[in-house]
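Down below is the structure, laid out as structure tokens.
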Amino acid sequence: SQQGEEDPQALSIQEGENATMNCSYKTSINNLQWYRQNSGRGLVHLILIRSNEREKHSGRLRVTLDTSKKSSSLLITASRAADTASYFCATANQAGTALIFGKGTTLSVSS
Amino acid sequence: SAVISQKPSRDICQRGTSLTIQCQVDSQVTMMFWYRQQPGQSLTLIATANQGSEATYESGFVIDKFPISRPNLTFSTLTVSNMSPEDSSIYLCSANGGSERGYTFGSGTRLTVV
């Protein structure tokens with residue numbers, strides 16, 4: 001079952017613009033992770049934010065976490081055509097072992 | 001972090017047949033995970049595979065349909081049995097890369113059942 005919702009489902013922007021994706025989840029978490037998937041291929045881990053962190057940066061990525069609202073956002077700054085992909089948030093299942101994924105946001109960056 | 005080699009990358013199969021997907025990890029991992037991604041959808045966990053024990057299946061998935069083997073700490077297979085067109089999906093394996101590195105995924109198997 002899906003852990004939560006992401007919005008928007010699809011996002012189209014121009015190169016150089018910023019892209020923001022949001023994720024909501026249902027249960028308490030230890031951490032939340034974001035992944036990217038290019039064209040139905042394998043997923044690539046982008047960033048992990050722990051439940052006691054509010055914001056984390058990695059290169060052009062900024063992730064925020066609001067545990068009181070059970071939500072997270074992923075900001076990609078100065079987007080490039082190569083950022084075109086699907087982005088998923090994920091949290092651990094009840095057993096704390098496997099990842100459960102949100103529905104994902106499909107980002108399209110045009111040059 | 002661990003690197004996973006998954007094969008085949010794609011296949012077109014006749015209904016009623018079975019396909020076995022293999023994942024090889026370049027380091028020992030305790031748990032491996034199998035996911036299904038139906039067209040245009042997110043990933044759904046099929047099962048968790050531990051070495052030396054039966055896989056743990058999620059609701060809606062059964063061993064007869066998706067038998068899993070985990071003979072050692074670096075290898076796992078998922079078989080999709082008695083396939084129907086509804087089984088057309090991308091199947092992915094995964095392992096925990098540890099701590100901040102997140103989970104590692106195989107490159108996926110795109111299965112089409114005709």
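To find a chain, count down the sequence lines: A is the first, B the second, and so on, and within it residues start at 1.
- Contacts of B/Ser107 with chain A are made by both backbone and side-chain atoms, with heavy-atom separations under 4.5 Å.
- For A/Asn31, no part lies under 4.5 angstrom from a heavy atom of chain B.
- Using a 4.0 Å cut-off between a side-chain N of Lys or Arg and a carboxylate O of Asp or Glu, B/Asp87 and B/Lys65 qualify as a salt bridge.
- Rounding to the nearest 0.5 Å places CE of B/Met32 at 4.5 Å from SG of B/Cys93.
- Contact annotation for A/Ser58: neither backbone nor side-chain heavy atoms come within less than 4.5 Å of a heavy atom of chain B.
- For B/Tyr103, the parts lying near chain A are the backbone and the side chain together; criterion is any non-hydrogen pair under 4.5 Å.
- For the atom pair B/Ser9 OG and B/Arg110 CZ, the distance stands at 10.0 Å (nearest 0.5 Å).
- Interatomic distance, A/Met21 CE to A/Phe88 CZ, rounded to the nearest 0.5 Å: 11.0 Å.
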